[in-house]
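Notes follow once the structure below has been shown.
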Amino acid sequence: MNFLELAKLRTSCRSYQDRPVPSETLAYCLEAAQVAPSACNQQPWRFVVVETPELRAELSKNALLPGIPMPWVATAPVIVVLCAKKSLAVHHIAAMVSGVHYHLIDLGIAGEHLVLAAAEQGLGSCWIGWFRAKQVRKILNLPRSLEPVSLITLGYPAGEAKTTERKPLSEIAEFQ
Ligand SMILES: Cc1cc2nc3c(=O)[nH]c(=O)nc-3n(C[C@H](O)[C@H](O)[C@H](O)COP(=O)(O)O)c2cc1C
């Protein structure tokens, strides 16, 4: 499988088998995230891997925002909470000067490394941005220094993958 094939293999998975993810597979995905680049090599990511059924149930019941029903979250055997640990120099001062939220870029790259590695290992995944960070922090007893930025569900897919439309290259890329 070349890179483009892997990138196309990853789609959002919203239905999971009741089958645990081996710890070596999780470690593989986390290692893929670990090697991601980051502004000033700050590596501001922290991955909270939630496997405990009670905590997963509580996250899916109480941490998701209303309006977009996501009952499938409860079926995922793993929920990775992608958190940012921001530094004063890069993520506050430099970000204020340039106007770029480096930590969000860094976490996006690391998270995508993680889901691509997961896809290569036969796992399904889905990014979840529609959640309440405050509730996540409370349920998982996270310190204030960690800012939950995204949730990512992981697990073996149940059912067929669905591909979604993409805008044509002519619309999203320009050459100057
Ligand atoms: C930052 C981010 C947040 C997202 N939040 C949600 C979400 O809260 N719920 C959901 O079902 N999908 C969510 N998604 C998945 C997108 O809907 C999905 O990636 C997009 O529709 C393209 O489909 P594909 O991932 O299958 O290629 C999110 C994706 C990203 C990158």
Side-chain angles (χ1 to χ4, degrees), residues 1-17 21 29-30 32-34 36-39 43-50 55-86 91 95 99-140 142 146-173:
M1 188 165 37
N2 65 30
F3 180 73
L4 192 55
E5 287 164 341
L6 174 62
K8 287 182 177 177
L9 179 68
R10 186 225 54 85
T11 56
S12 292
C13 174
R14 298 187 178 90
S15 176
Y16 296 92
Q17 293 176 36
V21 178
C29 297
L30 289 167
Q34 183 187 26
S38 58
Q43 304 165 64
W45 42 69
R46 297 294 182 272
F47 305 93
V48 181
V49 182
V50 184
L55 291 176
R56 287 192 284 109
E58 226 195 310
L59 284 176
S60 70
K61 189 164 169 246
N62 295 321
L64 302 177
L65 282 163
I68 304 175
M70 293 186 265
W72 51 270
V73 174
T75 72
V78 180
I79 301 174
V80 179
V81 181
L82 202 45
C83 298
K85 193 173 165 80
K86 297 201 261 179
H91 306 120
V100 178
H101 297 293
Y102 300 108
H103 69 292
L104 296 180
I105 298 176
D106 297 344
L107 266 71
I109 299 169
E112 194 59 15
H113 275 207
L114 188 143
V115 297
L116 288 171
E120 189 227 30
Q121 294 296 306
L123 292 172
S125 64
C126 190
W127 284 85
I128 299 170
W130 196 237
F131 70 97
R132 290 184 216 275
K134 203 173 154 188
Q135 281 298 106
V136 171
R137 208 182 252 137
K138 195 169 145 198
I139 293 165
L140 301 177
L142 301 177
L146 291 192
E147 176 189 323
V149 164
S150 193
L151 310 182
I152 295 176
T153 52
L154 287 177
Y156 292 98
E160 289 299 301
K162 288 192 194 114
T163 47
T164 47
E165 281 287 305
R166 289 296 190 267
K167 293 172 184 168
L169 278 182
S170 57
E171 188 181 334
I172 62 166

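In each ligand, atom 1 is the first atom listed, and ligand 1 is the first ligand listed.
Contact annotation: the side chain of Arg132 approaches that of Pro66 to within less than 4.5 Å [non-hydrogen atoms, C-beta and beyond]. Under the 4.5 Å side-chain criterion, counting only non-hydrogen atoms from C-beta, Pro37 is in contact with Ile109. Side-chain contact between Val136 and Ile139: absent, with no pair of heavy atoms (C-beta onward) separated by less than 4.5 Å. At a threshold of 4.5 Å between non-hydrogen side-chain atoms, the residues Leu64 and Leu151 count as touching. The side-chain heavy atoms of Lys86 and Pro44, taken from C-beta on, include no pair separated by under 4.5 Å.
Proximity of a side-chain donor or acceptor of Glu147 to a complementary backbone N or O of Cys83 within less than 3.5 Å is not detected.
Those atoms of ligand 1 that come under 4.0 Å of a heavy atom in Ile128, given as number and element, are 5 (N), 6 (C), 7 (C), 8 (O). The ligand atoms of ligand 1 that sit less than 4.0 angstrom from a heavy atom of Trp130 are 8 (O). Applying the 4.0 Å criterion to heavy atoms of Trp72 picks out, from ligand 1, the atoms 11 (O). Residue contact check: Cys126 has heavy atoms under 4.0 Å from atoms 12 (N) of ligand 1.
The shortest contact between atom 10 (C) of ligand 1 and any protein heavy atom is with Arg14 NH2, 3.6 Å. Protein heavy atom in closest approach to atom 5 (N) of ligand 1: Gly129 N, 2.9 Å. Of the protein's heavy atoms, Met70 SD, 3.2 Å lies nearest to atom 9 (N) of ligand 1. Nearest protein heavy-atom neighbour of atom 19 (O) of ligand 1: Ser12 OG, 3.4 Å. What sits closest to atom 28 (C) of ligand 1 on the protein, heavy atoms only, is Trp127 O, 3.4 Å. For atom 27 (O) of ligand 1, the nearest non-hydrogen atom of the protein is Arg166 NH2, 2.7 Å. Nearest protein heavy-atom neighbour of atom 23 (O) of ligand 1: Thr164 OG1, 3.0 Å.
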Audit row: Phe131, Leu65, side chain to side chain contact (heavy atoms under 4.5 Å, CB included) steps and yes/no: CA-CA 5 Å; Phe131 70 97; Leu65 282 163; 5.6 Å; no
Can Asp106 and His91 be said to form a side chain to side chain contact (heavy atoms under 4.5 Å, CB included), step by step? CA-CA 11 Å; Asp106 297 344; His91 306 120; 4.1 Å; yes
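In terms of polar-atom proximity, Arg10 is counted as a contact of ligand 1, with an N or O under 3.5 Å from an N or O of the ligand. Looking at ligand 1, you won't find any N or O of Thr11 less than 3.5 Å from one of its N or O atoms.
Distance screen at 4.0 Å: atom 21 (O) of ligand 1 has no protein heavy-atom neighbour inside the cut-off. Taking a distance limit of 4.0 Å, we find that atom 3 (C) of ligand 1 is approached by some protein heavy atom.
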Please table the atom pairs, donor to acceptor, closer than 3.5 Å between any side-chain atom in residues 55-62 and protein atoms at least two apart or in another chain.
{"from": "Arg56", "atom 1": "NE", "to": "Glu51", "atom 2": "O", "distance (Å)": "3.0"}
{"from": "Arg56", "atom 1": "NE", "to": "Pro77", "atom 2": "O", "distance (Å)": "3.1"}
{"from": "Arg56", "atom 1": "NH1", "to": "Ala76", "atom 2": "O", "distance (Å)": "2.8"}
{"from": "Ser60", "atom 1": "OG", "to": "Arg56", "atom 2": "O", "distance (Å)": "3.4"}
{"from": "Ser60", "atom 1": "OG", "to": "Ala57", "atom 2": "O", "distance (Å)": "3.1"}

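The distance from the CZ atom of Arg46 to the CG atom of Leu142 is 12.5 Å, given to the nearest 0.5 Å.
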